Amino acid sequence: MPARGGAQLSRRLGQKKQRLLEAEQHQSPPDGAWTPSPREPSLGLPATPGPQRSIYFSSPQGRPARLGSEFFDQPAVSLARAFLGQVLVRQLDNGTELRGRIVETEAYLGPEDEAAHSRGGRQTPRNRSMFMEPGTLYVYLIYGMYFCMNVSSRGEGACVLLRALEPLGGLETMRQLRSTLRKGAAGRALRDRELCSGPSKLCQALAIDKSFDQRDLAKDKAVWLERGPPGPTEPAVVAAARVGIGHAGEWAHKPLRFYIQGSPWVSVVDRAAERDVQA
DNA sequence: TGGTCGATGGTCT
DNA sequence: GACCATCGACCAT
């Protein structure tokens, strides 16, 4: 593997350490920083089995909670930001609902974006869903063993990569899915922070694979997006360089990755970018 | 705790 | 045949 892979990971590990420290120090985060959302106690208890309340079609207020196609019909940068705070829901065949709040995304802008699979207008069988209507899932295999999940946005070949979730429900099922799919599955139990803190981790945790490619996030029965509960304050959003695209020249440095500042669920923290936070 | 590197196979040139 | 929007095991400190 290229040397940059190792260096990149090393940086990430260092940043993670800092983040853990910071998350533990911030019992009550300052305005604009991450605030915990309501969730089940994270005591490693299994998600409630059997029939579960579903807010598939309506919220407690009676208005539709599921985000429809109009939500996805916006430019990639705008959609990438709009995703933050919304809740991704995956319903398994047995009815179990896995839920996670989106805390980190990346925008891929289309033909002009040297880091996008659609760069130069390339359209192949693999990336066809990038060119389909906004809200279409683009799921592809990476490094021969992982999946990444994108959502098509407005704009030819433009999409948003989902990079990290704050797990909200079904954590034990996520842990099982992640452990089963990991190499050396007999290892220790994964911590909550390790469940969805990366684009392929979240695909494992939610059982998203190639069969989800070209599905419509606005209409699918097994996966959808719900409006996240509004917090007391608008979360501060960090715009940073995207991850793992060192080959893309100037495009590698553009601030097209977005994450909720201070969230301990983010995969990679960029301290330099955080000095220039846009709330 | 931090840094290195191998796994693995579809996709593209 | 090379590349790859990743991940985690392993080793040195």
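Quick note on labels: first sequence line is chain A, next is B, and so on, each numbered from 1. From a predicted model like this one, the values you see are computed outputs, not experimental measurements. In what follows, every heavy atom counts, from backbone to side chain, and hydrogens, waters and symmetry copies are set aside.
Using a 4.5 Å cut-off on side-chain heavy atoms (C-beta onward), A/V238 and A/V266 make no contact. Annotation: side chain of A/L165 is in contact with side chain of A/I102 (closest heavy-atom distance under 4.5 Å).
At a threshold of 4.0 angstrom between heavy atoms, the contacts of A/L161 include nucleobase atoms, whether or not backbone atoms are also involved.
Looking only at atom types and distance, the side chain of A/E104 has a donor-acceptor partner in the side chain of A/S267 under 3.5 Å away.
Spacing between atom CE of A/M145 and atom C1' of B/dG6 amounts to 8 Å, rounded to whole angstrom units. Per the geometry, CD1 belonging to A/I245 stands 13 Å off C1' belonging to C/dC4, to the nearest Å. To the nearest angstrom, C1' of C/dA5 lies 16 Å from NE2 of A/H253. Atom CD in A/Q204 sits roughly 14 Å away from atom P in B/dT8 (whole-Å rounding). Rounding to whole angstrom units, CG of residue A/L141 and P of B/dT8 are separated by 13 Å. When the P atom of C/dT6 is taken as reference, atom CG of A/D209 falls 19 Å away, rounded to whole Å. Computed from coordinates, the A/D213 CG to B/dT11 P distance equals 10 Å when rounded to whole Å. Per the geometry, OH belonging to A/Y146 stands 9 Å off P belonging to C/dA9, to the nearest Å.
Partners of A/E156 by side chain to side chain contact (heavy atoms under 4.5 Å, CB included), not counting sequence neighbours, listed by chain and number: A/F131. The side chain to side chain contact (heavy atoms under 4.5 Å, CB included) search around A/L141 returns A/F147, not counting sequence neighbours. Listed by chain and number, the residues in a side chain to side chain donor-acceptor pair (under 3.5 Å) with A/E194 are A/R188 (sequence neighbours excluded).
For the pair A/E274 (side chain) and A/Q261 (backbone), a donor-acceptor distance under 3.5 Å is absent.
For A/Y143, taking side-chain heavy atoms from C-beta onward, the closest of the listed nucleotides C/dC4, C/dA5, C/dC7 is C/dC4. Here C/dA5 is the nucleotide among C/dA5, C/dC7, B/dT8 with the atom lying nearest to any side-chain atom of A/Y108. When each of C/dC7, C/dA5, B/dT11 is scored by its nearest atom to the side-chain atoms of A/S200, the top-ranked nucleotide is C/dC7.
DNA chain C lies under 4.0 Å from at least one heavy atom of each of the following residues of residues 112-136 of chain A: A/A115, A/H117, A/M130.
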Pairing string of DNA chain B (Watson-Crick or G-U wobble, both atom distances under 3.5 Å; | = paired to other strand) is |||||||.||||.

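Ring orientation note: the planes of A/F72 and A/F83 are tilted relative to one another, at an angle of 30° to 60°.
Counting only residues at least two apart or in different chains, ring pair (Phe, Tyr, Trp, His ring centres under 6.0 Å) contacts with residues 103-129 of chain A comprise A/H117-A/Y138, A/H117-A/Y140.
Within the structure, a side-chain polar atom (N or O) of A/R163 is placed less than 4.0 Å from OP1 or OP2 of C/dT6.
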